Amino acid sequence: MSGRKHRFQDSPAVDAAAVALPRWKQRAPRERAEVLRATFELMLAHREELAHLMTLEMGKSVADSRAEVTYAAEFFRWFSEEAVRVDGQLRTSPSGTNRILTFRKPVGVALLLTPWNFPAAMAARKIAPALAAGCTVVLKPAEDTPLTALALGHLLTEAGAPAGVVNIVTTDRPGELVDAALADGRVRALSFTGSTGVGRHLLTQTAAQVINSSMELGGNGPFIVLDNADLDEAVAGAMVAKMRNGGQACTAANRFLVAEAVVEPFTRKLTDAMRALRMGAGTDAATQIGPMINARAVTGIADKVNRSVAAGARIALGGTAPDGPGFFYPATVLTDVPRDSAVATKEIFGPVAPIITVTDDDDAIQVANSSDFGLTAYIYGSLARGLRIAERLEVGMVGLNRGLVSDPAAPFGGFKQSGLGREGGYEGIDEYLETTYVATSW
Ligand code: NAD
(Lines give C-alpha, C1' and ligand atoms only; values in the text may rest on other atoms or scores of the structure.)
Protein backbone atom coordinates (compact mmCIF):
# COMPACT_ATOMS: atom_id res chain seq x y z
CA MET A 1 0.00 0.00 0.00
CA SER A 2 1.53 3.31 -1.03
CA GLY A 3 -0.90 5.27 1.20
CA ARG A 4 -2.00 7.27 -1.83
CA LYS A 5 -5.71 7.44 -2.37
CA HIS A 6 -7.14 6.06 -5.55
CA ARG A 7 -8.52 8.84 -7.77
CA PHE A 8 -11.82 8.39 -9.51
CA GLN A 9 -10.90 10.06 -12.79
CA ASP A 10 -11.65 6.91 -14.75
CA SER A 11 -14.61 4.63 -14.31
CA PRO A 12 -13.58 1.01 -15.00
CA ALA A 13 -17.07 -0.11 -13.98
CA VAL A 14 -18.60 2.18 -16.63
CA ASP A 15 -16.08 0.74 -19.14
CA ALA A 16 -17.22 -2.80 -18.29
CA ALA A 17 -20.91 -1.87 -18.51
CA ALA A 18 -20.41 -0.09 -21.83
CA VAL A 19 -18.52 -3.05 -23.31
CA ALA A 20 -21.21 -5.53 -22.19
CA LEU A 21 -24.13 -3.37 -23.41
CA PRO A 22 -24.33 -4.25 -27.13
CA ARG A 23 -24.55 -8.01 -26.53
CA TRP A 24 -26.87 -7.77 -23.54
CA LYS A 25 -29.41 -5.59 -25.28
CA GLN A 26 -29.45 -7.94 -28.26
CA ARG A 27 -30.13 -11.00 -26.10
CA ALA A 28 -33.67 -12.30 -26.56
CA PRO A 29 -36.04 -10.80 -23.98
CA ARG A 30 -36.84 -14.33 -22.83
CA GLU A 31 -33.18 -15.00 -22.10
CA ARG A 32 -32.86 -11.81 -20.09
CA ALA A 33 -36.07 -12.75 -18.26
CA GLU A 34 -34.63 -16.13 -17.35
CA VAL A 35 -31.60 -14.55 -15.66
CA LEU A 36 -33.99 -12.45 -13.58
CA ARG A 37 -36.21 -15.41 -12.75
CA ALA A 38 -33.18 -17.46 -11.66
CA THR A 39 -32.08 -14.55 -9.44
CA PHE A 40 -35.54 -14.55 -7.80
CA GLU A 41 -35.23 -18.24 -7.06
CA LEU A 42 -31.65 -17.99 -5.78
CA MET A 43 -32.58 -15.14 -3.45
CA LEU A 44 -35.33 -17.22 -1.89
CA ALA A 45 -33.05 -20.26 -1.65
CA HIS A 46 -30.50 -18.08 0.21
CA ARG A 47 -33.02 -16.07 2.21
CA GLU A 48 -31.65 -16.99 5.63
CA GLU A 49 -28.03 -16.13 4.79
CA LEU A 50 -29.02 -12.88 3.11
CA ALA A 51 -31.30 -11.90 6.01
CA HIS A 52 -28.61 -12.67 8.57
CA LEU A 53 -26.01 -10.70 6.62
CA MET A 54 -28.33 -7.71 6.31
CA THR A 55 -29.09 -7.75 10.06
CA LEU A 56 -25.40 -7.92 10.93
CA GLU A 57 -24.68 -5.15 8.47
CA MET A 58 -27.36 -2.60 9.37
CA GLY A 59 -29.04 -3.76 12.56
CA LYS A 60 -32.69 -4.35 11.61
CA SER A 61 -34.43 -7.30 13.23
CA VAL A 62 -34.04 -10.64 11.46
CA ALA A 63 -37.81 -10.74 10.90
CA ASP A 64 -37.59 -7.39 9.05
CA SER A 65 -34.59 -8.66 7.06
CA ARG A 66 -36.39 -11.85 6.02
CA ALA A 67 -39.38 -9.81 4.86
CA GLU A 68 -37.06 -7.54 2.90
CA VAL A 69 -35.34 -10.44 1.10
CA THR A 70 -38.74 -11.77 -0.01
CA TYR A 71 -39.85 -8.29 -1.12
CA ALA A 72 -36.55 -7.71 -2.97
CA ALA A 73 -36.70 -11.10 -4.72
CA GLU A 74 -40.21 -10.28 -5.98
CA PHE A 75 -38.78 -7.42 -8.09
CA PHE A 76 -36.77 -10.00 -10.02
CA ARG A 77 -39.84 -12.18 -10.54
CA TRP A 78 -42.03 -9.21 -11.55
CA PHE A 79 -39.51 -7.80 -14.03
CA SER A 80 -38.75 -11.27 -15.43
CA GLU A 81 -42.43 -11.18 -16.42
CA GLU A 82 -42.23 -7.60 -17.76
CA ALA A 83 -39.03 -8.18 -19.79
CA VAL A 84 -40.99 -10.06 -22.46
CA ARG A 85 -43.75 -7.43 -22.68
CA VAL A 86 -41.84 -4.35 -23.87
CA ASP A 87 -43.98 -3.25 -26.80
CA GLY A 88 -44.15 -0.63 -29.55
CA GLN A 89 -47.11 0.84 -31.38
CA LEU A 90 -48.48 1.41 -34.83
CA ARG A 91 -50.71 4.47 -35.18
CA THR A 92 -52.29 6.26 -38.10
CA SER A 93 -51.50 9.98 -38.32
CA PRO A 94 -54.64 12.17 -38.04
CA SER A 95 -54.18 13.29 -41.66
CA GLY A 96 -54.22 9.66 -42.77
CA THR A 97 -51.13 10.26 -44.93
CA ASN A 98 -48.63 8.20 -42.96
CA ARG A 99 -48.15 5.67 -40.21
CA ILE A 100 -46.43 6.26 -36.89
CA LEU A 101 -44.34 3.30 -35.79
CA THR A 102 -42.72 3.27 -32.34
CA PHE A 103 -39.94 1.09 -30.95
CA ARG A 104 -38.74 1.02 -27.37
CA LYS A 105 -35.04 0.56 -26.74
CA PRO A 106 -32.79 0.33 -23.67
CA VAL A 107 -31.46 3.73 -22.67
CA GLY A 108 -27.91 2.38 -22.19
CA VAL A 109 -25.61 2.19 -19.17
CA ALA A 110 -27.49 2.98 -15.95
CA LEU A 111 -25.89 4.23 -12.74
CA LEU A 112 -27.81 3.05 -9.67
CA LEU A 113 -27.30 4.63 -6.24
CA THR A 114 -28.96 3.07 -3.21
CA PRO A 115 -29.43 3.94 0.49
CA TRP A 116 -28.61 1.81 3.54
CA ASN A 117 -32.12 1.36 4.94
CA PHE A 118 -33.31 -1.36 2.50
CA PRO A 119 -29.99 -2.61 1.08
CA ALA A 120 -31.47 -5.56 -0.85
CA ALA A 121 -34.82 -4.15 -1.94
CA MET A 122 -33.54 -0.80 -3.24
CA ALA A 123 -30.86 -2.55 -5.33
CA ALA A 124 -33.35 -5.12 -6.66
CA ARG A 125 -35.94 -2.42 -7.52
CA LYS A 126 -33.36 -0.83 -9.83
CA ILE A 127 -31.31 -3.75 -11.19
CA ALA A 128 -34.31 -5.87 -12.19
CA PRO A 129 -36.09 -3.34 -14.48
CA ALA A 130 -32.78 -2.10 -15.92
CA LEU A 131 -31.72 -5.61 -16.95
CA ALA A 132 -35.23 -6.42 -18.17
CA ALA A 133 -35.08 -3.36 -20.46
CA GLY A 134 -31.68 -4.44 -21.84
CA CYS A 135 -29.52 -1.94 -19.93
CA THR A 136 -26.26 -2.77 -18.19
CA VAL A 137 -25.68 -1.27 -14.75
CA VAL A 138 -23.20 0.13 -12.28
CA LEU A 139 -24.54 -0.11 -8.72
CA LYS A 140 -23.03 1.95 -5.94
CA PRO A 141 -24.50 0.87 -2.59
CA ALA A 142 -24.45 3.05 0.53
CA GLU A 143 -21.25 3.17 2.57
CA ASP A 144 -22.96 1.52 5.57
CA THR A 145 -24.28 -1.50 3.62
CA PRO A 146 -21.93 -2.67 0.85
CA LEU A 147 -22.05 -6.39 1.75
CA THR A 148 -25.70 -7.08 0.93
CA ALA A 149 -25.17 -5.53 -2.51
CA LEU A 150 -22.09 -7.67 -3.13
CA ALA A 151 -23.96 -10.82 -2.07
CA LEU A 152 -26.75 -9.94 -4.49
CA GLY A 153 -24.12 -9.45 -7.21
CA HIS A 154 -22.84 -13.00 -6.61
CA LEU A 155 -26.36 -14.39 -6.98
CA LEU A 156 -26.89 -12.48 -10.25
CA THR A 157 -23.66 -13.97 -11.60
CA GLU A 158 -24.75 -17.43 -10.48
CA ALA A 159 -28.11 -16.82 -12.19
CA GLY A 160 -26.32 -16.22 -15.49
CA ALA A 161 -25.79 -12.45 -15.77
CA PRO A 162 -22.82 -12.17 -18.18
CA ALA A 163 -19.63 -10.36 -17.15
CA GLY A 164 -20.00 -6.58 -17.26
CA VAL A 165 -23.82 -6.55 -17.12
CA VAL A 166 -23.96 -5.90 -13.35
CA ASN A 167 -21.03 -4.00 -11.85
CA ILE A 168 -20.94 -3.15 -8.16
CA VAL A 169 -18.55 -0.55 -6.81
CA THR A 170 -18.17 0.22 -3.12
CA THR A 171 -16.56 3.36 -1.75
CA ASP A 172 -16.66 5.66 1.24
CA ARG A 173 -16.16 8.63 -1.12
CA PRO A 174 -19.43 8.49 -3.08
CA GLY A 175 -19.28 12.06 -4.36
CA GLU A 176 -16.00 11.57 -6.23
CA LEU A 177 -16.98 8.24 -7.73
CA VAL A 178 -20.40 9.42 -8.86
CA ASP A 179 -19.07 12.73 -10.25
CA ALA A 180 -16.57 10.80 -12.41
CA ALA A 181 -19.18 8.32 -13.64
CA LEU A 182 -21.71 11.05 -14.52
CA ALA A 183 -19.09 13.10 -16.33
CA ASP A 184 -18.00 10.06 -18.37
CA GLY A 185 -20.63 10.61 -21.06
CA ARG A 186 -21.52 6.92 -21.45
CA VAL A 187 -23.89 6.79 -18.45
CA ARG A 188 -27.35 7.48 -19.92
CA ALA A 189 -29.57 6.93 -16.87
CA LEU A 190 -29.26 7.69 -13.18
CA SER A 191 -31.57 6.07 -10.67
CA PHE A 192 -31.10 7.42 -7.16
CA THR A 193 -32.77 6.54 -3.88
CA GLY A 194 -31.72 8.57 -0.89
CA SER A 195 -32.07 11.92 0.78
CA THR A 196 -33.61 14.91 -0.96
CA GLY A 197 -30.47 17.00 -0.42
CA VAL A 198 -28.22 14.56 -2.29
CA GLY A 199 -30.91 14.04 -4.95
CA ARG A 200 -31.08 17.78 -5.61
CA HIS A 201 -27.29 17.92 -5.94
CA LEU A 202 -27.26 14.97 -8.37
CA LEU A 203 -29.88 16.63 -10.58
CA THR A 204 -27.49 19.52 -11.10
CA GLN A 205 -24.79 16.98 -12.07
CA THR A 206 -27.01 15.08 -14.52
CA ALA A 207 -28.00 18.35 -16.20
CA ALA A 208 -24.48 18.67 -17.65
CA GLN A 209 -24.83 15.49 -19.75
CA VAL A 210 -28.65 15.56 -19.92
CA ILE A 211 -28.90 12.15 -18.25
CA ASN A 212 -32.32 10.51 -17.68
CA SER A 213 -32.86 10.91 -13.95
CA SER A 214 -35.14 9.01 -11.58
CA MET A 215 -35.25 10.16 -7.99
CA GLU A 216 -36.77 8.38 -4.99
CA LEU A 217 -36.23 10.84 -2.16
CA GLY A 218 -37.37 11.59 1.37
CA GLY A 219 -40.87 11.66 2.81
CA ASN A 220 -42.94 13.14 5.63
CA GLY A 221 -45.85 10.69 5.60
CA PRO A 222 -49.10 11.73 7.27
CA PHE A 223 -51.13 8.97 8.96
CA ILE A 224 -54.73 10.20 9.11
CA VAL A 225 -57.17 8.63 11.57
CA LEU A 226 -60.81 9.58 10.89
CA ASP A 227 -63.48 9.63 13.58
CA ASN A 228 -65.12 6.55 12.02
CA ALA A 229 -61.90 4.45 11.94
CA ASP A 230 -61.69 1.04 13.58
CA LEU A 231 -59.10 2.06 16.17
CA ASP A 232 -57.65 -1.41 16.74
CA GLU A 233 -57.09 -1.77 12.99
CA ALA A 234 -55.65 1.75 12.87
CA VAL A 235 -53.16 0.96 15.64
CA ALA A 236 -52.17 -2.33 13.98
CA GLY A 237 -51.58 -0.43 10.71
CA ALA A 238 -49.73 2.35 12.54
CA MET A 239 -47.32 -0.16 14.05
CA VAL A 240 -46.36 -1.33 10.57
CA ALA A 241 -46.33 2.11 8.95
CA LYS A 242 -44.32 3.62 11.80
CA MET A 243 -42.16 0.80 13.11
CA ARG A 244 -41.12 -1.28 10.11
CA ASN A 245 -37.32 -1.06 9.95
CA GLY A 246 -37.36 0.84 13.29
CA GLY A 247 -38.99 3.79 11.53
CA GLN A 248 -36.08 4.10 9.10
CA ALA A 249 -38.20 4.02 5.95
CA CYS A 250 -39.00 6.73 3.42
CA THR A 251 -42.60 5.47 3.51
CA ALA A 252 -42.76 5.70 7.32
CA ALA A 253 -45.70 7.41 8.96
CA ASN A 254 -43.98 10.57 10.16
CA ARG A 255 -46.93 12.43 11.78
CA PHE A 256 -50.26 11.13 13.05
CA LEU A 257 -53.19 13.42 12.23
CA VAL A 258 -55.99 12.20 14.46
CA ALA A 259 -59.61 13.38 14.63
CA GLU A 260 -60.41 15.14 17.92
CA ALA A 261 -63.18 12.65 18.77
CA VAL A 262 -60.80 9.65 18.80
CA VAL A 263 -57.45 11.18 19.74
CA GLU A 264 -57.57 10.03 23.39
CA PRO A 265 -58.34 6.31 22.78
CA PHE A 266 -56.06 6.17 19.70
CA THR A 267 -53.15 7.66 21.67
CA ARG A 268 -53.72 5.25 24.56
CA LYS A 269 -53.86 2.17 22.32
CA LEU A 270 -50.85 3.25 20.22
CA THR A 271 -48.80 4.00 23.35
CA ASP A 272 -49.62 0.55 24.78
CA ALA A 273 -48.58 -1.16 21.53
CA MET A 274 -45.34 0.86 21.33
CA ARG A 275 -44.54 0.15 25.01
CA ALA A 276 -44.82 -3.61 24.37
CA LEU A 277 -42.08 -3.59 21.70
CA ARG A 278 -38.84 -5.25 22.62
CA MET A 279 -35.65 -3.36 21.77
CA GLY A 280 -32.38 -5.23 21.32
CA ALA A 281 -29.79 -6.61 18.95
CA GLY A 282 -31.25 -7.40 15.54
CA THR A 283 -29.79 -10.90 15.69
CA ASP A 284 -31.88 -11.75 18.80
CA ALA A 285 -35.02 -13.49 17.50
CA ALA A 286 -37.21 -11.70 20.10
CA THR A 287 -36.11 -8.21 18.98
CA GLN A 288 -38.72 -5.95 17.42
CA ILE A 289 -36.67 -2.71 17.35
CA GLY A 290 -33.03 -3.06 16.45
CA PRO A 291 -30.43 -0.29 16.69
CA MET A 292 -30.47 2.74 14.41
CA ILE A 293 -27.90 2.75 11.61
CA ASN A 294 -25.25 4.88 13.33
CA ALA A 295 -24.54 7.41 16.10
CA ARG A 296 -25.38 10.36 13.83
CA ALA A 297 -28.87 8.94 13.27
CA VAL A 298 -29.53 8.73 17.03
CA THR A 299 -28.32 12.29 17.56
CA GLY A 300 -30.56 13.51 14.73
CA ILE A 301 -33.67 11.81 16.14
CA ALA A 302 -32.96 13.03 19.68
CA ASP A 303 -32.44 16.57 18.41
CA LYS A 304 -35.82 16.65 16.64
CA VAL A 305 -37.60 15.21 19.68
CA ASN A 306 -35.91 17.65 22.09
CA ARG A 307 -36.69 20.66 19.91
CA SER A 308 -40.32 19.60 19.60
CA VAL A 309 -40.66 19.10 23.36
CA ALA A 310 -39.16 22.56 23.90
CA ALA A 311 -41.81 23.88 21.49
CA GLY A 312 -44.66 22.34 23.54
CA ALA A 313 -44.96 18.62 22.65
CA ARG A 314 -45.47 16.21 25.57
CA ILE A 315 -43.76 12.82 25.93
CA ALA A 316 -46.22 9.95 26.45
CA LEU A 317 -43.56 7.26 26.00
CA GLY A 318 -39.78 7.04 25.49
CA GLY A 319 -38.04 10.21 24.43
CA THR A 320 -34.57 9.51 25.82
CA ALA A 321 -31.82 7.49 24.17
CA PRO A 322 -30.37 4.87 26.56
CA ASP A 323 -26.69 5.00 27.53
CA GLY A 324 -24.50 2.87 25.24
CA PRO A 325 -23.32 0.56 23.95
CA GLY A 326 -25.05 0.59 20.57
CA PHE A 327 -27.06 3.13 18.62
CA PHE A 328 -30.47 2.61 20.21
CA TYR A 329 -33.45 4.94 20.35
CA PRO A 330 -36.60 3.74 22.13
CA ALA A 331 -40.17 3.62 20.83
CA THR A 332 -41.48 7.13 21.53
CA VAL A 333 -44.94 8.72 21.44
CA LEU A 334 -45.36 12.51 21.55
CA THR A 335 -48.73 14.21 22.07
CA ASP A 336 -49.95 17.82 21.65
CA VAL A 337 -47.34 18.22 18.94
CA PRO A 338 -47.21 21.73 17.44
CA ARG A 339 -47.84 21.61 13.68
CA ASP A 340 -44.66 23.56 12.91
CA SER A 341 -42.35 21.60 15.24
CA ALA A 342 -39.31 19.62 14.04
CA VAL A 343 -40.92 16.15 14.32
CA ALA A 344 -43.93 17.33 12.29
CA THR A 345 -42.04 19.07 9.50
CA LYS A 346 -38.88 16.99 9.06
CA GLU A 347 -38.31 13.32 8.25
CA ILE A 348 -37.66 11.66 11.65
CA PHE A 349 -36.29 8.33 10.33
CA GLY A 350 -36.69 6.68 13.73
CA PRO A 351 -39.25 5.08 16.09
CA VAL A 352 -41.01 8.31 17.10
CA ALA A 353 -44.77 8.82 16.69
CA PRO A 354 -45.88 12.48 16.96
CA ILE A 355 -49.65 12.95 17.40
CA ILE A 356 -51.40 16.08 16.11
CA THR A 357 -55.12 16.65 16.68
CA VAL A 358 -57.16 17.71 13.64
CA THR A 359 -60.67 19.14 13.62
CA ASP A 360 -62.11 17.57 10.43
CA ASP A 361 -61.18 16.03 7.07
CA ASP A 362 -60.38 19.41 5.48
CA ASP A 363 -58.03 20.22 8.33
CA ALA A 364 -56.30 16.82 7.98
CA ILE A 365 -55.84 17.36 4.22
CA GLN A 366 -54.52 20.87 4.74
CA VAL A 367 -51.90 19.71 7.28
CA ALA A 368 -50.99 16.66 5.17
CA ASN A 369 -50.43 18.77 2.04
CA SER A 370 -48.54 21.54 3.85
CA SER A 371 -45.26 19.58 3.44
CA ASP A 372 -42.67 19.99 0.68
CA PHE A 373 -42.63 16.18 0.53
CA GLY A 374 -45.31 13.98 -1.02
CA LEU A 375 -44.36 10.33 -0.93
CA THR A 376 -46.79 8.25 1.16
CA ALA A 377 -49.94 8.89 3.21
CA TYR A 378 -52.05 6.50 5.26
CA ILE A 379 -55.76 6.88 5.99
CA TYR A 380 -57.87 4.85 8.42
CA GLY A 381 -61.63 5.29 8.25
CA SER A 382 -64.56 4.48 5.99
CA LEU A 383 -63.70 3.58 2.41
CA ALA A 384 -65.76 6.37 0.82
CA ARG A 385 -64.33 9.15 3.00
CA GLY A 386 -60.86 7.64 2.65
CA LEU A 387 -61.07 7.64 -1.14
CA ARG A 388 -62.33 11.23 -1.24
CA ILE A 389 -59.38 12.28 0.92
CA ALA A 390 -56.91 10.20 -1.14
CA GLU A 391 -58.03 12.10 -4.26
CA ARG A 392 -57.04 15.40 -2.65
CA LEU A 393 -53.66 14.38 -1.18
CA GLU A 394 -50.47 15.49 -2.97
CA VAL A 395 -48.68 12.15 -2.57
CA GLY A 396 -47.65 9.31 -4.85
CA MET A 397 -48.96 6.50 -2.62
CA VAL A 398 -51.80 6.05 -0.15
CA GLY A 399 -52.36 3.17 2.26
CA LEU A 400 -56.13 3.10 2.80
CA ASN A 401 -56.85 0.97 5.85
CA ARG A 402 -53.41 -0.58 5.23
CA GLY A 403 -50.09 0.19 6.90
CA LEU A 404 -47.95 -1.04 4.01
CA VAL A 405 -47.88 0.32 0.44
CA SER A 406 -44.71 -1.25 -1.02
CA ASP A 407 -45.52 -3.81 -3.70
CA PRO A 408 -43.32 -4.74 -6.70
CA ALA A 409 -46.42 -4.72 -8.92
CA ALA A 410 -47.36 -1.12 -7.97
CA PRO A 411 -45.87 2.20 -9.13
CA PHE A 412 -43.72 3.51 -6.25
CA GLY A 413 -42.75 7.17 -6.18
CA GLY A 414 -43.55 10.63 -4.94
CA PHE A 415 -44.81 14.13 -5.64
CA LYS A 416 -42.98 17.40 -4.99
CA GLN A 417 -39.56 17.01 -3.33
CA SER A 418 -40.10 13.28 -2.79
CA GLY A 419 -38.91 12.54 -6.28
CA LEU A 420 -39.25 12.05 -10.01
CA GLY A 421 -40.39 8.90 -11.81
CA ARG A 422 -41.78 5.58 -10.59
CA GLU A 423 -40.23 2.23 -9.67
CA GLY A 424 -42.02 -1.12 -9.84
CA GLY A 425 -45.35 -1.81 -11.53
CA TYR A 426 -45.75 -1.50 -15.29
CA GLU A 427 -44.15 1.94 -15.05
CA GLY A 428 -40.82 0.89 -13.51
CA ILE A 429 -39.27 -0.37 -16.74
CA ASP A 430 -40.07 2.92 -18.55
CA GLU A 431 -37.26 4.63 -16.63
CA TYR A 432 -34.79 2.45 -18.59
CA LEU A 433 -36.35 2.73 -22.06
CA GLU A 434 -36.17 5.29 -24.85
CA THR A 435 -38.66 5.57 -27.72
CA THR A 436 -37.77 5.81 -31.41
CA TYR A 437 -40.59 6.78 -33.72
CA VAL A 438 -40.45 6.07 -37.45
CA ALA A 439 -42.67 8.10 -39.79
CA THR A 440 -43.63 5.72 -42.57
CA SER A 441 -45.64 5.93 -45.74
CA TRP A 442 -46.85 2.85 -47.44
P1 NAD B 1 -28.13 9.53 1.31
O2 NAD B 1 -28.70 10.54 0.39
O3 NAD B 1 -27.16 10.00 2.35
O4 NAD B 1 -27.36 8.40 0.50
C5 NAD B 1 -27.96 7.69 -0.55
C6 NAD B 1 -26.90 7.25 -1.54
O7 NAD B 1 -26.29 8.39 -2.12
C8 NAD B 1 -25.77 6.45 -0.90
O9 NAD B 1 -25.38 5.43 -1.82
C10 NAD B 1 -24.65 7.45 -0.76
O11 NAD B 1 -23.39 6.87 -0.78
C12 NAD B 1 -24.87 8.31 -1.98
N13 NAD B 1 -24.34 9.66 -1.86
C14 NAD B 1 -24.21 10.40 -0.74
N15 NAD B 1 -23.65 11.60 -1.05
C16 NAD B 1 -23.43 11.60 -2.39
C17 NAD B 1 -22.90 12.56 -3.30
N18 NAD B 1 -22.45 13.74 -2.92
N19 NAD B 1 -22.85 12.22 -4.61
C20 NAD B 1 -23.29 11.02 -5.01
N21 NAD B 1 -23.80 10.08 -4.21
C22 NAD B 1 -23.87 10.37 -2.91
O23 NAD B 1 -29.37 8.77 1.96
P24 NAD B 1 -29.35 7.65 3.08
O25 NAD B 1 -29.06 8.29 4.39
O26 NAD B 1 -28.51 6.49 2.65
O27 NAD B 1 -30.88 7.15 3.03
C28 NAD B 1 -31.88 7.78 3.75
C29 NAD B 1 -32.71 8.68 2.85
O30 NAD B 1 -33.18 7.92 1.72
C31 NAD B 1 -33.96 9.18 3.52
O32 NAD B 1 -34.16 10.54 3.22
C33 NAD B 1 -35.07 8.33 2.91
O34 NAD B 1 -36.33 8.93 2.93
C35 NAD B 1 -34.57 8.13 1.53
N36 NAD B 1 -35.18 6.93 0.93
C37 NAD B 1 -36.08 7.12 -0.06
C38 NAD B 1 -36.71 6.01 -0.62
C39 NAD B 1 -37.72 6.19 -1.70
O40 NAD B 1 -37.99 5.21 -2.39
N41 NAD B 1 -38.29 7.37 -1.92
C42 NAD B 1 -36.39 4.73 -0.17
C43 NAD B 1 -35.46 4.58 0.84
C44 NAD B 1 -34.84 5.71 1.38
Side-chain angles (χ1 to χ4, degrees), residues 8 11 57-60 68 71-72 75 111-126 138-146 148-149 168-183 187 190-206 211 213-221 244-254 292-298 300-301 304 346-350 371-377 395-397 405-408 410-425 427-428 431:
F8 290 113
S11 300
E57 190 172 38
M58 63 76 66
K60 70 174 80 179
E68 182 179 342
Y71 170 53
F75 283 102
L111 177 62
L112 315 176
L113 308 178
T114 49
W116 50 263
N117 62 342
F118 291 102
M122 297 302 96
R125 199 165 77 177
K126 297 182 190 309
V138 176
L139 169 70
K140 194 214 71 62
E143 300 86 292
D144 283 313
T145 54
T148 304
I168 300 175
V169 194
T170 63
T171 176
D172 58 3
R173 291 183 286 147
E176 287 172 57
L177 182 140
V178 171
D179 286 356
L182 292 177
V187 170
L190 170 69
S191 179
F192 172 75
T193 298
S195 57
T196 296
V198 174
R200 240 186 248 125
H201 163 73
L202 290 171
L203 284 170
T204 66
Q205 305 277 104
T206 56
I211 293 170
S213 304
S214 312
M215 297 276 144
E216 297 288 354
L217 308 176
N220 181 5
R244 189 165 71 108
N245 225 25
Q248 304 171 109
C250 56
T251 52
N254 204 60
M292 302 293 102
I293 186 71
N294 51 34
R296 193 158 46 90
V298 176
I301 297 164
K304 287 178 203 109
K346 304 207 176 320
E347 191 175 38
I348 304 168
F349 239 59
S371 170
D372 289 338
F373 295 106
L375 193 63
T376 316
V395 296
M397 297 172 283
V405 292
S406 303
D407 184 334
F412 188 109
F415 280 30
K416 301 193 273 190
Q417 296 197 24
S418 288
L420 300 169
R422 292 293 179 270
E423 292 192 307
E427 295 84 347
E431 308 286 324

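All values below were derived from every heavy atom in this structure, side-chain atoms included, with hydrogens, water molecules and symmetry-related copies excluded. Computed from a predicted structure; not experimentally measured. Counting starts at 1 for both ligands and their atoms, in listed order.
- Heavy atoms from other residues, nucleotides or ligands lying under 6.0 Å from NZ of Lys416 number more than 12.
- For ligand 1 and Asn117, the ligand atoms under 4.0 Å from any heavy atom of the residue are 43 (C), 44 (C).
- Regarding atom 2 (O) of ligand 1, its nearest protein heavy-atom neighbour is Ser195 OG, 2.5 Å.
- Of the protein's non-hydrogen atoms, the one nearest atom 16 (C) of ligand 1 is Val198 CG1, 3.6 Å.
- Residue Gly424 comes nearest to Phe75 through the heavy atom pair CA-CE2, 4.2 Å, listed as atom of the first residue, atom of the second, then distance.
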(request) Start with the C-alpha distance between Asn254 and Glu347, add both sets of side-chain angles, then the distance that settles side chain to side chain donor-acceptor pair (under 3.5 Å), and finish with yes or no. (result) CA-CA 7 Å; Asn254 204 60; Glu347 191 175 38; over 6 Å; no
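- For the pair Glu347 and ligand 1, the shortest N or O to N or O distance falls below 3.5 Å.
- Regarding atom 40 (O) of ligand 1, its nearest protein heavy-atom neighbour is Arg125 NH2, 2.8 Å.
- Only the backbone of Thr114 comes within 4.0 Å of ligand 1, judged by heavy-atom distances.
- Counting heavy atoms closer than 4.0 Å to ligand 1, residue Phe118 contributes nothing at all.
- Closest to atom 10 (C) of ligand 1, if we only count protein heavy atoms, is Glu143 OE1, 3.4 Å.
- Close contacts of ligand 1 with Val178, meaning ligand atoms under 4.0 Å from a residue heavy atom, involve 20 (C), 21 (N).
- When all heavy atoms of Glu431 and Arg422 are compared, the pair lying nearest together is OE2-N, 3.1 Å.
- Within the 4.0 Å heavy-atom shell around ligand 1 one finds Pro141.
- When only non-hydrogen protein atoms are considered, atom 36 (N) of ligand 1 lies nearest to Cys250 CB, 3.5 Å.
- Annotation: atom 19 (N) of ligand 1 to nearest protein heavy atom, Gly175 CA, 3.6 Å.
- Close approach to Thr193 involves these atoms of ligand 1, each under 4.0 Å from a residue heavy atom: 5 (C), 36 (N), 37 (C), 38 (C), 39 (C), 40 (O), 42 (C), 43 (C), 44 (C).
- The protein heavy-atom contact nearest to atom 41 (N) of ligand 1 is Leu217 O, 2.8 Å.
- What you find for Gly219 and Leu375 is that their closest heavy atoms are CA-CB, 4.2 Å.
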